[in-house]
Each structure stands twice: as C-alpha cells, then as structure tokens.
Q: 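Quick one: this structure, given as structure tokens, is what I'll be asking you about.
What you are looking at is a predicted structure, and each value in this text was computed from that prediction instead of being measured.
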Number of protein chains: 2
Amino acid sequence: MGRKRQLQKQEEIRNEILEVARSIIAKDGVRGLSIRKITNAMDYSPAIIYHYFKDKGEIIETLVNEGYGRILAAVRSVKRNEDEPDTELREVFTNYIKQALAIPEEYKAMMLNDEGAVLQKTALLERGISRRSPTMQMLCDNIQRGIDKGCYPPCDPELTAQIIWTATFGLIIKLIIEKDISSEQVERLVDRHFEILFSGIKVRS
Amino acid sequence: MGRKRQLQKQEEIRNEILEVARSIIAKDGVRGLSIRKITNAMDYSPAIIYHYFKDKGEIIETLVNEGYGRILAAVRSVKRNEDEPDTELREVFTNYIKQALAIPEEYKAMMLNDEGAVLQKTALLERGISRRSPTMQMLCDNIQRGIDKGCYPPCDPELTAQIIWTATFGLIIKLIIEKDISSEQVERLVDRHFEILFSGIKVRS
DNA sequence: TTGTTAGTTAAACAGTGTTTAATAATTTAA
DNA sequence: TTAAATTATTAAACACTGTTTAACTAACAA
C-alpha cells in the first residue's frame, strides 16, 4: 500500500468516526454522544479515537463547524435583491431557520455550548475576537442597503441585525426543544415572528 | 431531641445541600454540579445525598422551581396599569430580563434542559400538558387588554405573546452566554429589542 | 438494658473521557 | 526476502461521574 492509499485509509476511518458520531447525535443529542458508543458501533477499541482526533471535543468541534458551514451556505444561497433588500433579508432568515431546524442537535451545540464552554470561545479567538462572523457581516450589509434604499429608517445596522438574530435564535431554540409542535403551528409562529420584526424595524420613531 | 427538632434538623441539612449546590452552580454552572462536590464541601459522604433527595435531578429540579418562582414573583410585582397595558407589558418583560440575568445559570437550566430533557417535560406533565404557564397566562391577558384599549390592532394574543417571549428569551440567552458585554451595550440591546418588538405589534397590517 | 429507628458511610457497580505501554500489522530499507 | 522502522490497534488502568447495597453508628423508646 503506497503513501497515498495510506492517507486515504486514514481519512476513511476519520470520516467513519464522524459519520457514526453524526448519527448518534441525531438520535441522542450531543450530550448522548460518547467515545465508547462510537467505537462499539465501529467494532473498535475506545482508544482508537485518539489516533484520529485530539479528544472528544475535536469531534464535536468538527461537526459544529460543519453546521456553521451548512448554515452559511444556506444564507449565501439567497440571491441578491437590489430593489427589495427587505425581501432578501427575510429570505435569508427563512433559509437560516430552515437549515437550523434540519440539524437541530448540531444547532443547539453550535449556539449553546452544549458540551463545555470551550468551543465557542476558541472558535471566536481563532477568527479574531471581535470580528463579525460572516453571517453577521451579511446581515449588516443587507440592512445598510435597506436603509439606503429607504426600506427602513436610519438605524445602527449591527444593533438591528443583532436583535433580529437573537430573536430568531430564540424562536428556533424553542421550536427545537418543544418537539411536539405541528408544522402548521411552526409556520404560524414563523410568520408572526417576521411580521412583528419587520414591521418593527420599518417604523420611524 | 424531640420529633420536631429532628424534622427541623432534617430540613436544615436539606437546605444546606441546596445552598451548597446553589453556590457551585453559580460558579461552575449546572453542568459543573456534582454530588461529590456538594458532599466534600459539607464533609459528608456522597451517599448522604440520597437520604434527602431522590437523586441529583431532584436537587436541580428544586433549584429550577425556585428560579421559576423568582421570575414569576418578579413579573407579578408589576402593578396593573389599566390605561396603558403596553407600558405595563414592557415593565413585565423588563423585570423578566432583570431577574433572569440575576440567576443566569438557573435560567439556562430552566429553559434549556441543561441536565437532561427530563426536567421540563415532567414539570409540564405535572401541570397538565397543554395548560398555559402562569407567566404565559399573564402575558396573554395583558395583550388582550392592550387590544381592548386600542394599544395594538387585533391579533391572536397567545401567538403574539409567544413571539415576544421567544424573542426575549433569545436575547437573554445571548446575553448570558456572551459574558463579556458591557452594561451599556446590554442596555442598548434591550432598548432596541423592545423598540422593535413593541413597534412591531402596534403596526396595523 | 434492650430494641428500634434514623443517620451515615465504605465499598462497589456501571458509566464517562483519557493516557500509557504493550502488541499486532504494515511499510520501508537493506 | 529479510530486517528494521513505522504505524495501527488495543488492553488495562486512572480519575472522574451518579447511584445502590449492606453495614455500621448514634440516638431514642420501651
């Protein structure tokens, strides 16, 4: 077996670990993930993990970053709407919610430090503490365009973006935690959520 | 030692356990709470816990219920304002935020099932699954009064209450998790939060 | 004093993440 | 092909977790 084959095999096992971890998280949540659950499912010894990952946290971190990527891709897939930045903004958040609800356990881990407060901090530090996240940057740009186009009255775009974001975040977490909500009720909640928020930012105070 | 003294002594130890647990949670969060941490601080053996509580979950549940009580008291302390139900509503949420930020770790545990998804469900089941919580009942009544007084256009009070609540919940969790925010920034966020939400629900669509 | 009860604990069990040292497998070098 | 070196894998242990069992001690009542 040559060098390349070897590295490929390594990658395969690493990916298998991640795949098994993903399925466990989907079933039992991030809290339900354990090294031994992973290795039992793979017919390996627990110690094998530490050949492919620094520790359990690195596995979770990898999946969390995957989640960030998915959500970023979802919001970036919204095509620019020069004439109606407010419509665009709503589409961005609609996609955001949709994607978050598609990976509920990962989303919780991403946002709530579900396994230790380390993750988010290190992630932030790596990107430079107080720099805006790509998603937040998008939102701010969009809101600024909305102001320029006269969709909203003048305001601090970052402050407004943060409020819409935290509000939407709250709704999503509620929808995830309260599992037994009908899809009709979800739609009602999301609609009213946007109705209130978008009316709110359009009011001239 | 008489019977009453004996029961009193029992209560004292129970309360000491809770007190120690509270201080550990304040420092290390609900996740950082462990039976052995409690009993070491009290110079007892770990097994003692199970004479005063069914299990660790019951300790957390007790503190979580305490948190519910505090928050309910805080929102109930707002005096009824017949003429301006919207001002009253804002005061209710202001108090809610203030109290939640006073017990951040407990609030997280209350809302996010920080230690197993059991807590919230059993708590809900005990009160009858789909009955409104006391706080939610307050909000709905208030909003209905606001509609009657002409503060807001007609709407589903429960739906609107849920949206304001989830939005505020999202803001609070963000404020708790991102520990290093100045109090000025907190104030700015809370102000803009209410500005958007209250403008939003007053808009006639 | 005896018997009963309540309070308390040592020890163990099953589970967690992780490390160490030894072993098995495989690739490289001679 | 054989020997050396590297890599992959694991068994076993450590230090934690929550919890249970059986034993023990202390205090009370008869």
Q: Do nucleotides 17-23 of chain D as a string where each nucleotide becomes B, S or -: B if the base has a protein heavy atom under 4.0 Å, S if just the sugar-phosphate does, - if no protein is that close.
A: BBBB---
Q: D:dA11 P sits how many Å from A:D43 CG, rounded?
A: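 Computing the A:D43:CG to D:dA11:P distance gives 11 Å.
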Q: What does A:F53 touch in the nucleic acid at a heavy-atom separation under 4.0 angstrom: a base, only the sugar-phosphate, or nothing?
A: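 Here A:F53 touches no strand at all.
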Q: In whole Å, what is the span from the CD atom of B:E16 to the P atom of C:dG7?
A: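 Computing the B:E16:CD to C:dG7:P distance gives 15 Å.
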Q: Quickly work out the B:H51 NE2 to C:dT5 C1' distance and round it to whole Å.
A: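 Between C1' of C:dT5 and NE2 of B:H51: 11 Å.
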Q: Describe the nucleic acid contact of B:I13 in one word from base, sugar-phosphate, nothing, applying a heavy-atom distance below 4.0 Å.
A: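 Sugar-phosphate: the residue B:I13, judged by heavy atoms under 4.0 Å, touches backbone atoms but no base.
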Q: Not counting sequence neighbours, list each pair that qualifies as a salt bridge (Lys or Arg N to Asp or Glu O under 4.0 Å) and has a residue in residues 38-48 of chain B.
A: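 Not a single pair qualifies under salt bridge (Lys or Arg N to Asp or Glu O under 4.0 Å).
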Q: Given atom CZ of B:R31 and atom C1' of D:dC16, what is their separation to the nearest angstrom?
A: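 Nearest whole value for this atom pair: 15 Å.
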Q: In this structure, how many angstroms lie between the C1' atom of C:dG15 and the CG atom of A:D28, rounded?
A: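 Going from A:D28 (CG) to C:dG15 (C1'), I get 15 Å.
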Q: Quick test of your reading: applying salt bridge (Lys or Arg N to Asp or Glu O under 4.0 Å), list the pairs with at least one residue in residues 162-173 of chain B, sequence neighbours left out, ordered by first then second residue.
A: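 Found none.
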Q: In a table with atom names and distances, give each donor-acceptor pair under 3.5 Å that connects a side chain of residues 45-52 of chain A to protein atoms at least two apart or in another chain.
A:
unit_1	atom_1	unit_2	atom_2	d
A:S45	OG	A:A47	N	3.3

Q: When the distance from CG of A:N40 to P of D:dA11 is rounded to whole Å, what number comes out?
A: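 Distance check: A:N40 CG to D:dA11 P gives 12 Å.
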Q: Which pairs count as salt bridge (Lys or Arg N to Asp or Glu O under 4.0 Å) when at least one residue sits in residues 66-78 of chain B, sequence neighbours excluded?
A: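 Found B:R22-B:E66.
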Q: Check the pair A:D141 / A:Q137 against side-chain hydrogen bond (donor to acceptor under 3.5 Å, both in side chains), numbers first and verdict last.
A: CA-CA 6 Å; A:D141 292 348; A:Q137 187 60 49; 3.1 Å; yes
Q: In degrees, rounded to 10°, what is the bend between the two ends of the helix from C:dT8-D:dA23 to C:dA30-D:dT1, using five pairs at each?
A: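 Roughly 20° between the end axes, to the nearest 10°.
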Q: Hey, does the side chain of A:Y52 come within less than 4.0 Å of D:dT9's phosphate (OP1/OP2), counting only N and O?
A: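 Yes.
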Q: Do any side-chain nitrogens or oxygens of A:Q10 fall under 4.0 Å of OP1 or OP2 in D:dA8?
A: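 Checking A:Q10 against D:dA8: at least one side-chain N or O falls below 4.0 Å of OP1 or OP2.
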Q: Please state whether the phosphate of C:dT9, meaning OP1 or OP2, lies under 4.0 angstrom from any side-chain nitrogen or oxygen of B:Y44.
A: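 B:Y44 to C:dT9 OP1/OP2: no side-chain N or O under 4.0 Å.
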Q: Distance check needed: D:dA8 C1' versus A:R14 CZ, whole Å only.
A: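 In whole Å, D:dA8 C1' and A:R14 CZ are 16 Å from each other.
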Q: Side chains of A:D148 and A:Q144: donor-acceptor distance under 3.5 Å anywhere?
A: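 Yes - a donor-acceptor pair under 3.5 Å links their side chains.
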Q: If you look only at pairs with a residue in residues 169-196 of chain A, which of them pass as a ring pair (Phe, Tyr, Trp, His ring centres under 6.0 Å), with sequence neighbours excluded?
A: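 Of all non-adjacent pairs touching residues 169-196 of chain A, those that pass ring pair (Phe, Tyr, Trp, His ring centres under 6.0 Å) are A:W165-A:F169, A:F194-A:F198.
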Q: Please list, chain by chain and in numerical order, all residues satisfying salt bridge (charged side-chain N to carboxylate O under 4.0 Å, His left out) with A:R188, sequence neighbours excluded.
A: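 Partners of A:R188 under the salt bridge (charged side-chain N to carboxylate O under 4.0 Å, His left out) test: B:D156.
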Q: Go through the structure and list residues passing side chain to side chain donor-acceptor pair (under 3.5 Å) with A:D28, not counting sequence neighbours.
A: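 Partners of A:D28 under the side chain to side chain donor-acceptor pair (under 3.5 Å) test: A:K37.
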